[in-house]
Amino acid sequence: MPVLVITGTGTEVGKTVVTAAVAAAAVAAGRSVAVLKAAQTGVRPDEPGDAQEVARLAGEVTVAEVARFPEPLAPGTAARRAGRAPVRPAEVAEAADKLATEHDLVLVEGAGGLLVRFDAAGGTLADVAGLLGAPVLLVASAGLGTLNTTELTARELRTRGLELPGVVIGSWPGAPDLASRCNLADLPDVAGAPLLGAVPAGAASHPPGEFRSSAPRWLAPRLEGTWDADAFRAREAP
């Protein structure tokens, strides 16, 4: 798995913190890691973006962006409003391929969900994954409403012939409600793929050293971690 694409069921579901956790666990396992942000929106040229946040939390990783745009909009819309050339899926795939020649693992983080448009031609992160032949890790929210968006994204991945290794909950609440606890059983069912982790809410506020040492406990062995889905469900489920 030299390249892993990371997408979410929508915006603000925890993609960046999950990307950081996956990076930290891989680094702890002795792998060299690069993180590529396909399109960064909503930040000024002098501001740190999502890739820089991953590096702050995960430590010794290479970071890169294909493009950034100042307004917090879908990449295609943000590029158009900024009067700039949009990101093309082939550009992202080319950048990921180059990083993969120099690193054991390249994490490609999307913007928003799987089908958020990069350009007027309708290019998306799903097209990037197709060009790379890369699996797509899905980050989902914990609570009410997540089953629909998770199943829709998983269906689109299957329709395109893309591998979905599993789902990670991007922000597991300290006091989960009934819907969140029930979703531990329902998410893998609707996704047709296993749960591969649950990152606790507020993890990004942990000191970086604590984040790095804790990250493997939030992720399943497939992601270089020690998290056990069955044990987690037994503890948290209703």
Side-chain angles (χ1 to χ4, degrees), residues 1-29 31-43 48-68 75 87 92-93 95-96 99-100 103-114 116 124-126 128-129 132 134-142 153 157 163-172 195-206 208 210-220 222-225 227:
M1 189 172 57
V3 180
L4 177 64
V5 175
I6 300 180
T7 191
T9 54
T11 192
E12 301 299 327
V13 296
K15 288 188 304 297
T16 298
V17 71
V18 169
T19 301
V22 173
V27 169
R31 304 177 73 186
S32 60
V33 179
V35 176
L36 177 65
K37 183 68 177 181
Q40 177 68 65
T41 64
V43 295
D50 292 342
Q52 289 73 30
E53 174 67 359
V54 171
R56 183 185 72 83
L57 292 169
E60 294 298 320
V61 300
T62 300
V63 297
E65 294 175 354
V66 177
R68 66 164 55 193
V87 173
V92 182
L99 288 166
H103 298 83
D104 299 323
L105 175 65
V106 179
L107 304 175
V108 181
E109 183 187 347
L114 181 70
V116 169
T124 67
L125 190 68
V128 174
L132 291 166
V136 181
L137 183 69
L138 181 57
V139 180
S141 57
T153 305
L157 289 169
E163 179 189 353
L164 172 60
V167 178
V168 175
I169 296 172
S171 181
W172 182 254
L195 270 181
L196 293 181
V199 176
S205 65
H206 293 182
E210 181 182 329
F211 183 95
R212 294 165 200 169
S213 63
S214 300
R217 299 199 298 271
W218 306 331
L219 301 170
R222 182 160 186 180
L223 298 175
E224 307 283 6
W227 186 82

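Predicted model, so just to flag it, every value in this text is computed and none were measured. We count residues from 1, following the sequence as given. The figures that follow rest on heavy atoms only: side chains count, while hydrogens, waters and symmetry mates do not.
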*Between Val199 and Ala21, what is the shortest heavy-atom contact and its length?*
CG2-CB, 4.4 Å
*Rounded to the nearest 0.5 Å, how far apart are CD1 of Ile6 and CG of Leu107?*
4.5 Å
*Who pairs with Arg217 by salt bridge (Lys or Arg N to Asp or Glu O under 4.0 Å), at least two apart in sequence or on another chain?*
none
*Between Val66 and Leu36, is a side chain to side chain contact (heavy atoms under 4.5 Å, CB included) present by the stated rule, with each step listed?*
CA-CA 8 Å; Val66 177; Leu36 177 65; 3.9 Å; yes
*Residues Leu219, Glu224; criterion side chain to side chain contact (heavy atoms under 4.5 Å, CB included); working and verdict*: CA-CA 7 Å; Leu219 301 170; Glu224 307 283 6; over 6 Å; no
*Which distance, rounded to the nearest 0.5 Å, do you find between the CZ of Arg212 and the CG of Leu57?*
7.5 Å
_Heavy-atom closest contact (Val61 atom, Ala55 atom, distance)_ = CG2-CA, 3.8 Å
*Residue pair Leu137 / Gly166: nearest heavy atoms and the distance that separates them*: CD1-O, 3.5 Å
*Not counting sequence neighbours, which residues clear side-chain hydrogen bond (donor to acceptor under 3.5 Å, both in side chains) with Lys37? List them please.*
Asp50, Glu109
*Identify the heavy atoms of Ala96 and Val106 that sit nearest to each other, and give their distance.*
O-CG2, 4.0 Å
*Please name the pair of heavy atoms, one in Leu4 and one in Pro165, separated by the smallest distance, quoted to 0.1 Å.*
CD1-CG, 4.5 Å
*asked:* Test of understanding: with salt bridge (Lys or Arg N to Asp or Glu O under 4.0 Å), list the residues that count as partners of Glu163, not counting sequence neighbours.
replied: Arg222
*Determine the minimum heavy-atom distance between Ala24 and Phe211, stating which atoms define it.*
CB-CE2, 4.4 Å
*In this structure, are over 12 heavy atoms from other groups packed under 6.0 Å from Glu12 atom CD?*
no
*For His206 and Ser214, does a side-chain donor sit closer than 3.5 Å to a side-chain acceptor?*
no
*asked:* Here's a test for you: under side-chain contact (heavy atoms from CB on, under 4.5 Å), which of Val18, Leu195, Leu196 qualifies with Ile169?
replied: Leu195
_Test log, rule side chain to side chain contact (heavy atoms under 4.5 Å, CB included), inputs Thr7 and Leu138_ = CA-CA 5 Å; Thr7 191; Leu138 181 57; 3.9 Å; yes
